[in-house]
Amino acid sequence: MKSFFRMSYPYILWIGFFIVAPMFMILLYAVTKGGNNTLTFHFTLENFGRFFSDPDFMRVLWTSLRIAFITTVVCILIGYPAALFIANLSERKQTMMILLMTLPMWINMLLKTYAWRGILMNFDDLSSEIKVFIGMVYDFLPYMIIQIHTAIAKLDRELLTASYDLGANKWQSFLKVTLPLSVPGIISGVTLVFLPAVSSFVIPKLLGGGNYVLIGTLIENYFLVAGDWNFGSAISLIMALIIIAAMYVTRKIDRGAEE
Amino acid sequence: MRKLIEFRNIVKTFDGQVVLKGVNLNIYENEFVTLLGPSGCGKTTLLRILGGFLEQDEGTVIFDGQCIDKVPPYRREINTVFQRYALFPHLNVYENIAFGLRIKKTGEDIIRQKVSRMLSLVNLEGYEKRKVTKLSGGQQQRVAIARALVNEPNVLLLDEPLGALDLKLRKEMQRELKRIQQEVGITFIYVTHDQEEALTMSDKIVVMNAGEIKQIGTPLEIYNEPVNAYVARFIGESNIVDGIMKEDYKVRLDDKNYECVDFGFRPDEPVDVLIRPEDIAIVSPGKGVMRGEVKSAIFKGVHYELMVETKTGVTKTVEMHVVTQHDKENPQAGEKISANDFFVDAEDLTEKEMTDADFVRIANAQAWDADNRDISLTKVTHNIENKPGVYEITFSTEKGTAVTVKVNVVSPEYVEDARHNIGISALDFFITAEEIQESMAISTDLKTWASAEAWNLQDDTSVEITDVKFDFDPATVTEGTYKITFATQGREYKVETTACHEVGDRVGLSFGPEDIHVMHKEVADA
């Protein structure tokens with residue numbers, strides 16, 4: 001057992017250097033002012049006050065959450081029937097379909113988004129928001145399908161037989177057996193779609209045009225363009241807290257479904 | 001009783017494999033019917049066809065006077081208790097049982113009433129809110145039964161429902177199921193491979209094998225009057241011996257005629273004769289109708305199960321020469337080598353085309369170096385000829401360490417027993433005391449060392465040598481010559497008795513004409 005633990009040392013080191021330390025730095029930046037040196041810090045909550053008091057920032061936050069939410073809902077609406085369809089195919093066809101689903105994920109996201117930009121340029125009537133939706137749904141749908149498919153595929157077929165046996169037709173059996181038992185799949189699908197969608201900055205930037213700002217773009221701007229690392233860190237931290245809260249809620253729902 | 005279900009000539013194949021070969025079966029109201037047979041006999045398939053989960057290739061299922069071939073499972077007034085229960089893991093006990101009622105849009109107060117009645121029927125009061133995944137196997141079983149019965153079906157199908165339970169719980173559930181069936185008064189169709197379960201619970205047993213019904217009858221009929229050896233073997237313990245029906249009420253067993261109560265066979269028809277172990281009484285030798293020797297006695301709790309040999313099998317006795325083996329040393333190479341003299345059958349030399357490797361094995365030739373590592377024997381030279389005599393064989397290693405031993409080629413010596421149709425052969429052999437002491441399974445090793453084998457004289461198939469008799473103690477054996485007798489299975493009767501008997505006791509066996517049940521030989525499938 002001891003030697004087994006030792007095998008995890010490199011990983012712990014990795015986490016310490018590349019995850020814990022940077023997160024600590026973001027926290028540090030978020031609660032300090034510019035002009036620090038290595039020895040003196042000016043602690044302040046100014047950065048947070050600035051974010052929450054500015055209606056423009058709040059509007060960007062709201063838009064980001066809204067877009068991520070709608071993207072997630074659309075992914076469920078398209079993804080669930082697709083996953084159900086795949087799960088009912090023969091084993092070999094299922095593997096084939098899942099492969100087809102995951103194929104686009106092998107291609108760089110930037111490249112795919114550029115391709116969409118080229119396609120959507122021909123549709124001037126579409127609003128920036130619709131274009132961003134299309135890009136996001138396209139990118140994140142496979143995650144949703146795979147998660148739901150996994151949940152449905154591991155369902156015991158005998159449960160459906162039992163449901164028919166008890167007088168439920170196919171539709172009733174779906175509503176009362178398949179759907180409730182695939183909720184954990186939907187939940188993990190939501191986690192995998194909502195979180196990246198809410199913080200995505202490449203898609204809104206490339207598909208939404210210059211004046212379409214989401215929270216991800218905002219953070220990017222403060223870090224790279226304005227050079228205000230303190231404020232950028234504060235926004236990141238706010239986003240992180242919102243995401244943690246969202247994860248906590250979904251976890252709760254998941255538990256509830258299991259009871 | 002009213003006929004409820006009728007299977008008419010049901011045929012079903014899976015991937016070209018015929019699972020049901022035209023099954024005809026009537027099932028009546030309020031019956032507890034058991035479909036009994038080994039796995040793969042088609043019993044579950046028949047049940048699934050009735051439930052509507054499988055479609056037969058040919059034939060019709062009539063339910064309550066109507067053909068239900070095209071009726072989907074959810075419209076059939078039949079409910080099933082599944083092998084692995086198939087309870088809904090996301091619902092608690094109450095909701096699992098209420099499932100069928102909710103589908104039928106039953107009122108909430110009626111649901112509550114019916115579910116609680118079911119819970120008390122299966123003795124699970126107070127378990128409403130429990131998660132089904134947290135229940136024990138027996139409790140899940142009860143929920144599954146309640147979930148099916150709450151819909152008040154005309155027929156309940158049970159697909160090996162007790163298979164996953166331990167013995168004690170299984171016995172308890174058997175009584176429970178029978179009580180429930182009598183209480184609700186509907187037809188139960190029960191599938192099992194457990195004959196005891198079938199005997200305990202059923203009003204009617206349907207014995208199936210290889211997609212066919214072999215016999216239908218009450219447990220008593222099936223037990224006392226099985227139609228053939230297959231059914232007799234499947235139900236209960238049995239002695240089944242070949243016999244010849246001389247005339248009505250007279251059957252010949254092992255060269256002796258016995259009175260029996262069976263009639264209607266052709267004169268001199270070869271038959272299978274069944275005598276149940278509990279119908280045979282042990283009496284003092286000389287009394288009774290047979291005599292024999294106790295070969296084994298197993299304590300079974302209430303009774304002893306004795307195997308009594310009434311007729312010995314074919315035997316062959318050989319001599320075992322226990323010798324001291326002298327290792328030969330080759331100091332130059334730092335190697336040692338050893339081998340035993342051995343006997344070999346002249347016929348085996350030609351027929352089995354014995355190779356050098358075979359000789360190494362029979363002579364137990366081995367070589368090793370100073371560190372006790374095995375060294376391969378690279379060269380074997382001999383002057384063995386294919387006629388009886390004494391020859392020499394030399395085994396040697398790469399470095400020239402060699403040992404020479406004697407080979408006794410003997411003419412084939414075997415015992416033939418025409419009445420048994422069995423031949424047996426074995427050879428004298430040389431062996432060291434250490435090898436005997438190191439043996440983990442002395443009888444098996446003796447068979448190997450003596451090349452003992454027995455075979456059927458007609459079709460040359462091999463026959464098991466079941467008995468190896470010797471009069472030395474393997475742990476303390478010393479140099480000398482010992483006699484070893486190999487024997488095939490004689491005629492043995494299994495007897496159940498409450499009195500204890502020692503292995504080797506001479507006893508008499510007693511049974512009356514009514515204890516003998518004569519059956520037609522099963523006709524082999526074309």
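Naming convention: chains lettered A, B, ... in sequence-line order (proteins, then strands); numbering from 1 in each chain.
For A:Tyr164 and B:Phe53, the ring centers are positioned 6.0 Å apart or more.
Proximity to chain B is absent for every atom of A:Ser173, based on heavy atoms less than 4.5 angstrom apart. With a 4.5 angstrom heavy-atom cutoff, A:Asp156 touches chain B only via side-chain atoms. Interface residue A:Glu158: backbone and side-chain heavy atoms are both found under 4.5 Å from chain B. In this structure, chain A has heavy atoms under 4.5 Å from both the backbone and the side chain of B:Asn79. For chain A, the nearby part of B:Ile78 is the backbone; its heavy atoms alone come within less than 4.5 Å. For B:Leu87, the part lying under 4.5 angstrom from a heavy atom of chain A is the backbone only.
Among B:Ala86, B:Ala148, B:Pro153, the residue making the largest number of heavy-atom pairs under 4.5 Å with chain A is B:Ala86. For the set A:Leu181, A:Asp165, A:Val177, A:Leu166, the count of heavy-atom pairs under 4.5 angstrom toward chain B peaks at A:Asp165.
Closest approach of B:Arg76 and B:Asp69 over heavy atoms only: NH2-O, 3.9 Å.
A salt bridge between B:Glu183 and B:Arg179 is present, with a side-chain N of the basic residue lying under 4.0 Å from a carboxylate O of the acidic one. A salt bridge is defined here as a Lys NZ or Arg NE, NH1 or NH2 lying under 4.0 Å from an Asp or Glu carboxylate O, and B:Lys129 with B:Glu95 fails to meet this definition. Salt bridge B:Glu152/B:Lys114: present, at least one basic N to carboxylate O contact under 4.0 Å.
Seen from the ring of A:Phe69, A:Arg66 does not count as a face-on cation partner, given the 6.0 Å and 45° thresholds.
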